[in-house]
2 protein chains.
Amino acid sequence: MPRPSTPLLNRARIRSHALAMVDAAGLGGLSMRKLAGELGVQAPSLYTHYRTKDELLQDIADDIMSTVDVSDFATDWAAGVRTWARSYRAAMAAHPNMVPVIASGPARRETALARADAVHGGLVRAGWPPRYATMIGASTKYLVLGAAMSSFSRGFEDDVQVYVDRYPHLDQAHRLRDHADEIDADSFELALDAFIHGLTALRATL
Amino acid sequence: MPRPSTPLLNRARIRSHALAMVDAAGLGGLSMRKLAGELGVQAPSLYTHYRTKDELLQDIADDIMSTVDVSDFATDWAAGVRTWARSYRAAMAAHPNMVPVIASGPARRETALARADAVHGGLVRAGWPPRYATMIGASTKYLVLGAAMSSFSRGFEDDVQVYVDRYPHLDQAHRLRDHADEIDADSFELALDAFIHGLTALRATL
DNA sequence: ACCTGAACACCGTTCAAGT
DNA sequence: ACCTGAACACCGTTCAAGT
């Protein structure tokens with residue numbers, strides 16, 4: 001009997017199911033065997049399409065990073081940084097469990113390099129010395145990835161009662177799970193504002 | 001024959017060897033079996049001292065975090081933030097492979113709570129509204145952990161030649177491995193300066 | 001080209017047993 | 001209390017074999 005004309009698997013289908021598993025159950029919840037099972041196939045079949053699990057994860061990371069927007073560097077550097085940082089953070093927030101992969105992945109792919117070039121070029125065209133352009137790019141990444149890591153792993157757990165009385169300055173109303181997303185978003189905006197404000201002041205002295 | 005008066009294992013010895021393994025070979029290089037082997041013991045013996053591998057890692061994370069300095073919040077808030085951020089970053093830089101563990105660990109332990117309380121209290125005493133104190137604490141953590149993640153995973157790899165010509169704005173002199181530590185340190189200081197500068201300006205408007 | 005079954009070399013952890 | 005041997009339920013990956 002002839003094999004079906006379309007293969008059971010393809011890279012897009014593998015990525016989509018893998019990402020769904022990571023979103024639902026964390027990075028630890030993804031295994032090649034379980035992924036294969038959900039795709040109706042045996043684990044070794046996946047290796048026809050991806051050479052390693054890491055290559056699969058990096059490919060998913062690339063998909064996620066493709067939504068990052070560096071177009072505003074064409075306008076002015078501050079708007080460029082702001083839009084870049086916000087869209088970068090939004091991409092992380094959409095798939096928080098992928099943050100460690102994205103943060104640790106080598107930024108070698110064409111698209112990643114093109115983005116880095118747009119950032120660096122935008123800052124240099126705006127008059128920042130190349131070394132400052134590098135540092136501003138790095139700093140912005142710190143802020144985005146740090147914020148993403150924090151939301152990846154909620155710092156304070158559910159059992160607030162344990163420490164409520166003991167540490168009077170820890171106003172738990174600002175710490176509860178319910179508010180964590182809002183606090184994260186506001187803290188990120190505060191940091192981004194203060195950072196760009198400080199850079200603008202520095203820019204005037206160069 | 002009587003057993004030796006001192007046990008082969010204790011928590012401090014386990015932590016110390018485990019941390020050495022993580023420093024040398026990364027988080028993936030630490031397994032309970034290999035750790036036991038290096039301690040001259042079988043893997044299950046470790047479970048007499050630590051209930052899980054994660055508990056062991058969290059305990060090591062606590063050790064590392066104990067070097068973080070929040071004492072300058074007694075002076076003024078800006079000095080407090082600066083010293084806190086720098087000592088925090090130094091702690092991460094000493095054991096970069098532990099960063100994901102520290103970043104993802106729930107900050108529930110007594111010492112972690114005491115530190116968070118010192119930060120929050122110091123900012124509130126300096127006149128920051130509690131909500132701002134929370135956000136400034138969170139933002140500073142973003143910066144430190146983001147910077148630590150970046151150095152945990154060097155963004156650009158060794159094979160610079162691949163992209164040198166293609167992306168003219170990526171001046172690889174600023175990207176090479178040799179300079180990565182310096183760039184990281186300078187970028188962190190730049191971001192910290194700009195952040196505190198921006199906060200100081202904001203503080204005047206409240 | 002695509003998929004499978006069996007296998008290799010690992011994991012974290014449990015548990016009954018020994019001292 | 002502390003340590004061991006054997007075992008359970010997993011991993012990522014390879015490879016010969018099938019279609």
Side-chain angles (χ1 to χ4, degrees), chain A residues 1-61 97-98 100-102 104-106 153, chain B residues 1-61 97-98 100-102 104-106 153:
Chain A
M1 137 178 127
R3 287 179 299 111
S5 49
T6 55
L8 292 169
L9 255 37
N10 60 64
R11 287 167 69 105
R13 204 165 95 85
I14 292 172
R15 280 199 303 274
S16 139
H17 275 75
L19 179 54
M21 288 181 73
V22 170
D23 283 344
L27 275 174
L30 175 69
S31 86
M32 297 302 264
R33 289 173 213 260
K34 279 190 269 178
L35 175 57
E38 224 170 74
L39 291 162
V41 109
Q42 297 299 317
S45 309
L46 297 169
Y47 289 82
T48 307
H49 303 267
Y50 279 105
R51 286 186 339 137
T52 63
K53 184 186 183 182
D54 191 64
E55 193 177 295
L56 166 58
L57 283 170
Q58 291 301 330
D59 220 19
I60 294 170
N97 294 334
M98 283 293 293
V101 176
I102 291 165
S104 72
S153 60
Chain B
M1 131 177 134
R3 285 179 300 113
S5 50
T6 54
L8 293 168
L9 255 37
N10 60 64
R11 288 168 68 106
R13 205 166 95 82
I14 293 171
R15 279 199 303 275
S16 140
H17 275 74
L19 179 55
M21 288 181 72
V22 171
D23 284 343
L27 275 174
L30 175 69
S31 84
M32 297 303 263
R33 289 171 213 258
K34 279 189 267 178
L35 175 57
E38 226 170 74
L39 292 162
V41 107
Q42 298 300 317
S45 309
L46 296 169
Y47 290 83
T48 307
H49 302 268
Y50 278 104
R51 288 188 334 139
T52 63
K53 184 185 183 183
D54 189 62
E55 194 176 294
L56 166 59
L57 283 171
Q58 291 301 329
D59 221 18
I60 294 170
N97 294 334
M98 282 293 293
V101 175
I102 291 165
S104 72
S153 61

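Note that the structure is a prediction, hence the values are computed from the model and not measured. Chain letters run A, B, ... following the sequence lines, proteins first, then strands; residues in each count from 1.
When distances are taken from the side chain of B:H49 to each of C:dT14, C:dC11, D:dC2, the shortest belongs to D:dC2. In the set C:dA7, C:dT4, C:dT13, C:dT4 carries the atom at the smallest distance from any side-chain atom of A:V41. Closest approach to the A:Y47 side chain among D:dA6, C:dA6, D:dG12 is made by D:dG12 (side chain taken as heavy atoms from C-beta onward). Nearest to the side-chain atoms of A:L9 among the listed nucleotides D:dC11, D:dC3, C:dC3 stands C:dC3. Residue A:S45 has its side chain nearest to C:dT4 when only D:dG12, D:dT13, C:dT4 are considered.
Atoms CD (A:Q42) and C1' (D:dA17) sit 15 Å apart, rounded to a whole Å. In this structure, CG of A:L8 is placed 5 Å from P of C:dC3, rounded to the nearest angstrom. When rounded to the nearest whole Å, the span between CG of B:L39 and P of D:dC2 equals 15 Å. Atoms CZ (B:R33) and P (C:dT13) sit 11 Å apart, rounded to a whole Å. Rounded to whole angstrom, the span from the OH atom of A:Y50 across to the C1' atom of C:dC2 amounts to 16 Å. Rounded to a whole Å, the CE atom of A:M32 is 9 Å from the C1' atom of D:dT13. For the pair A:L27 CG and D:dG12 P, the computed distance is 12 Å after rounding to whole Å. Look at CG on A:L46: it is 14 Å from C1' on D:dC11, rounded to the nearest Å.
DNA chain D is contacted by no residue of residues 16-25 of chain B, taking any non-hydrogen atom closer than 4.0 Å.
A:L57 contributes atom CG, which lies 5.5 Å from atom CE of A:M98 (distance to the nearest 0.5 angstrom). Atom-to-atom distance recorded for A:L30:CG and A:L35:CG is 6.0 Å, nearest 0.5 angstrom. Residue B:I14 holds its CD1 atom at 13.0 Å from CD of B:E38, rounded to the nearest 0.5 Å.
Shown here for B:T52 and B:Y47, the closest heavy-atom pair between the two residues is CA-CE2, 4.3 Å. Across A:L8 and A:R13, no two heavy atoms sit closer than the pair O-NE, 3.1 Å. Here the closest heavy-atom approach between residue A:M21 and residue A:G29 is recorded as CE-O, 3.5 Å. Nearest heavy-atom pair across B:A61 and B:I102 is CB-CG1, 3.6 Å. A:M32 approaches A:A43 most closely through the heavy-atom pair O-CB, 4.1 Å.
In DNA chain C, runs of at least 3 consecutive Watson-Crick or G-U pairs, each pair with both distances below 3.5 Å, span C:4-8 with D:12-16, C:12-16 with D:4-8.
Residue A:L35 is out of contact with every strand shown, counting any heavy-atom pair closer than 4.0 Å. Among the heavy atoms of the strands lying under 4.0 Å from B:T48 is at least one base atom, whether or not backbone atoms are also near. Within 4.0 Å (heavy atoms only), A:L30 reaches sugar-phosphate atoms of the nucleic acid but no base atom.
Using a 4.0 Å cut-off, some side-chain N or O of A:K34 falls inside it from OP1 or OP2 of D:dC11.
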Original post:
Run the side chain to side chain contact (heavy atoms under 4.5 Å, CB included) check on B:L9 and B:V41 step by step: do they pass?
Top reply: CA-CA 8 Å; B:L9 255 37; B:V41 107; 3.9 Å; yes

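For the pair B:R11 (side chain) and B:H49 (backbone), a donor-acceptor distance under 3.5 Å is present.
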